[in-house]
Asker: 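Supplied in structure tokens, the structure appears directly below.
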Amino acid sequence: MKPAPHVELKPNQRGVFVRFLDIIEKYGNKLPDPIMLFVIMAVLILICSAIFSALGTSAVHPGTGEEIGVVNLLNGEGFILILTELVNNFTSFPPLGLVLVVMLGVGVAESTGLLSALMKTTILNAPRKLILPTIVLVAMLGNAAADAAMVVLPPIVAMIFIALGRHPLAGLAAAYASVAGGFSANLILSMLDPLVAGFTQTGAQMIDPDYVANPAMNYYFLVASCLVLVPVAVWVTTKIVEPRLGTYTGEVEEITGVTKEEKKGLRWAGISVVILAVVFLFLTVPEQALLRDPETGSLTVSPFMTGIVPIMMVFFLVPALVYGFVAKVFTSSKDVADHLAKSMSNMGTYIVIAFVAAQMIAFFNWSQLGPIVAIKGANFLQTIGFTGLPLLLGFIVIAALINLMVASASAKWAILAPVFVPMFMLLEYSPAFTQAAYRVGDSITNPITPMLPYFAIALTFAKKYDPKIGIGTFMSSLLPYSIAFAVIWIILFTVWYLLGLPLGPGEYIHLHT
């Protein structure tokens, strides 16, 4: 198979924006190794907790009326808290179990050759122009699986790119940015929709006690966002990210044809996937199915969505085992054990990063610095005197900036919803419109915030292809997506506002439309 045609930017072709990214890369790479960077950030958080606690810095929670003060973590109580919770911080770190469980399945699928054989017979034989748009679309649809898509897709897409003769880091960046940056763009509802709708309802009921939030209140806007952002992500990848990275000079496995054993293995692996799909359809589709919510019958908030990570592992692991035995990769149970161990052998660096990142995020949460910054940012926006569209766009910017420090979408909205939902309702804007503005701001900076634990995971995957890669290089590959998504989303949001389009079923921009 011939490598993909590649255009590398010459020095005289590097425009202002590319030179800006070069600066980001240059100075970003001067930062310490990610492990040490998280250590330094953790220390700085401890110091800031002591300083701002001594200054009496505080804020009033808009939802509860409770005054929140900065908690000093450099006193006796803080020391005991750090000492006694250090292990728990690590073991309860959400991405830790998620990554290891999913990679148990993905790793075996990779080591047995299942993914390679699958790519050779499907993706690599598809029209080249459709491969990247399909990848981006799948990544955005992967938001329905919540954070799991950020773990599964980047390494797989990197493998696809390297098989296509393209730079694997470009594929990894495209997949990660599409999942993270497109977190509020989808063709289907995800578990995040009812989650944020609950906080929206609480805020709206301060003005209208009878208001009931519809989880699909932003559905039309989410669909439009997905359809618009897919070509944008493709353009950023092919026109900015890949040319900057240049030609990949690492090891490239020569692509050979699929053997008879591999074809037979793929056939039986496919049969196993169909059987699994039938089983899970039986467990989810009927009204009283086992994996639906026992009280409401909902599938969006249900054991199925809560258990999506082990389900994904099963959908990778079972076909991989079937493929391994049929294609004669496995000859005994010992081979299975060896491949299971191999799937975990490359996760050492990530486990260390997860340990220090877990401590840093725990320190930040304990210090209460995040909520106080969010509340003060909201108060600032209320006092600057903006009205109409500028006020809404200012809210998007504030949400995007806060996201750099507080990555949890639900945690931020729990703080911001009681402020902005009633405030905008008094200005005749619907809660659905305020929520849409928040979700845009929350998504824009997702690819570049180090407070999102999956940033460290993606960087760990990147080191497989470039052991010397620094945060600057990785960040400069993700920043174009954040900027492009921000521009397009603000344009889309403005068009929606000016045309007064419906946001979802029965939901409009203004309250009394």
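Source: prediction; values computed, not measured.
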Asker: With heavy-atom distances below 4.5 Å as the criterion, would you say the side chains of Asn446 and Asn403 are in contact?
Answerer: yes
Asker: Identify the two heavy atoms, one from Pro447 and one from Leu478, that lie closest to each other, and give their separation to 0.1 Å.
Answerer: O-CD1, 3.2 Å
Asker: Taking the side chain as every heavy atom from C-beta outward, state whether Phe485 and Val236 have any pair of such atoms under 4.5 Å apart.
Answerer: no
Asker: Which heavy atom in Val273 sits nearest to a heavy atom in Phe315, and how many Å separate them?
Answerer: O-CE2, 4.1 Å
Asker: Of all heavy-atom pairs between Ala400 and Thr445, which one has the smallest distance, and what is that distance?
Answerer: O-OG1, 2.8 Å
Asker: Is there side-chain contact between Met217 and Leu503, with heavy atoms separated by less than 4.5 Å?
Answerer: no
Asker: Hey, which of Leu132, Thr134, Val136 is the one that makes side chain to side chain contact (heavy atoms under 4.5 Å, CB included) with Val230?
Answerer: Val136
Asker: Go through the steps for Ser225 and Ile488 under the test side-chain contact (heavy atoms from CB on, under 4.5 Å), then give the verdict.
Answerer: CA-CA 9 Å; Ser225 298; Ile488 297 301; over 6 Å; no
Asker: Should Phe461 and Tyr176 count as side-chain neighbours, where that means a heavy-atom distance under 4.5 Å?
Answerer: no
Asker: Given the rule in the side-chain contact (heavy atoms from CB on, under 4.5 Å) test, do Ile483 and Ile444 qualify, once you have shown the distances and angles that lead to the verdict?
Answerer: CA-CA 8 Å; Ile483 294 174; Ile444 288 172; over 6 Å; no
Asker: Please check if the distance between the ring centroids of Phe433 and Phe493 is under 6.0 Å.
Answerer: yes
Asker: Could you tell me which non-hydrogen atom of Ala320 sits nearest to which non-hydrogen atom of Val108, and how far apart they are?
Answerer: CB-CG1, 3.7 Å
Asker: Quick one: OG1 on Thr473 to CG on Leu245, what's the gap to the nearest 0.5 Å?
Answerer: 8.5 Å
Asker: State, with a plain yes or no, whether a side-chain heavy atom of Phe330 is found less than 4.5 Å away from one of His339.
Answerer: yes
Asker: Looking at Asp442 and Tyr438, would you say the former's side chain and the latter's main chain have a donor-acceptor pair under 3.5 Å?
Answerer: no
Asker: Within a strict 4.5 Å, meaning less than it, do heavy atoms of the Ile469 and Leu459 side chains meet?
Answerer: yes
Asker: Between the side chain of Ser92 and the main-chain N/O of Asn88, is any donor-acceptor distance below 3.5 Å?
Answerer: yes
Asker: Looking only at non-hydrogen atoms, find the nearest pair between Ala139 and Ala175 and report the distance.
Answerer: CB-O, 3.9 Å
Asker: Quick check, are the ring centers of Phe474 and Phe455 under 6.0 angstrom apart?
Answerer: yes
Asker: Check step by step if side-chain contact (heavy atoms from CB on, under 4.5 Å) holds for Glu261 and Tyr323.
Answerer: CA-CA 9 Å; Glu261 288 80 6; Tyr323 176 87; over 6 Å; no
Asker: Measure the spacing between CZ of Phe221 and CG of Leu501 and express it to the nearest 0.5 Å.
Answerer: 10.0 Å
Asker: Rounded to the nearest 0.5 Å, how far apart are CD1 of Ile156 and CG of Leu172?
Answerer: 11.0 Å
Asker: Show the nearest heavy-atom pair for residues Pro319 and Leu276, with the distance to one decimal.
Answerer: CD-CD1, 4.3 Å
Asker: For the residue pair Phe395 and Trp413, does the interplanar ring angle fall in the parallel (under 30°), tilted (30 to 60°) or perpendicular (over 60°) class?
Answerer: tilted
Asker: Does the ring center of Phe161 lie less than 6.0 Å from the ring center of Tyr248?
Answerer: no
Asker: Between Gln359 (side chain only) and Asn89 (backbone N and O only), is there a donor and an acceptor less than 3.5 Å apart?
Answerer: no
Asker: Would you mind reporting whether Arg267 and Val326 have side-chain heavy atoms less than 4.5 Å apart?
Answerer: no
Asker: When rounded to the nearest 0.5 angstrom, what distance separates CG in Leu281 from CG in Leu291?
Answerer: 11.0 Å
Asker: For residues Tyr481 and Thr237, is any side-chain donor paired with an opposing acceptor at under 3.5 Å?
Answerer: yes
Asker: When rounded to the nearest 0.5 angstrom, what is the spacing between CE in Met344 and CD1 in Ile351?
Answerer: 8.0 Å
Asker: Hey, could you give me the CH2/CD1 distance between Trp489 and Ile396, rounded to the nearest 0.5 Å?
Answerer: 10.0 Å
Asker: Please list all pairs meeting salt bridge (Lys or Arg N to Asp or Glu O under 4.0 Å) that have one or both residues in residues 472-487, counting only residues at least two apart or in different chains.
Answerer: none
Asker: Checking side chain to side chain contact (heavy atoms under 4.5 Å, CB included) against Ser184, which of Leu222, Asp193, Val196, Val440 comes through?
Answerer: Leu222
Asker: Does this structure show an ion pair linking Asp338 with Lys334, if we count only N-O contacts that are shorter than 4.0 Å?
Answerer: yes
Asker: Hey, does Leu317 have a side-chain heavy atom less than 4.5 Å from the side chain of Leu340?
Answerer: yes
Asker: Give a yes or no on whether the backbone of Val241 and the side-chain of Ser477 come within a donor-acceptor separation of less than 3.5 Å.
Answerer: no
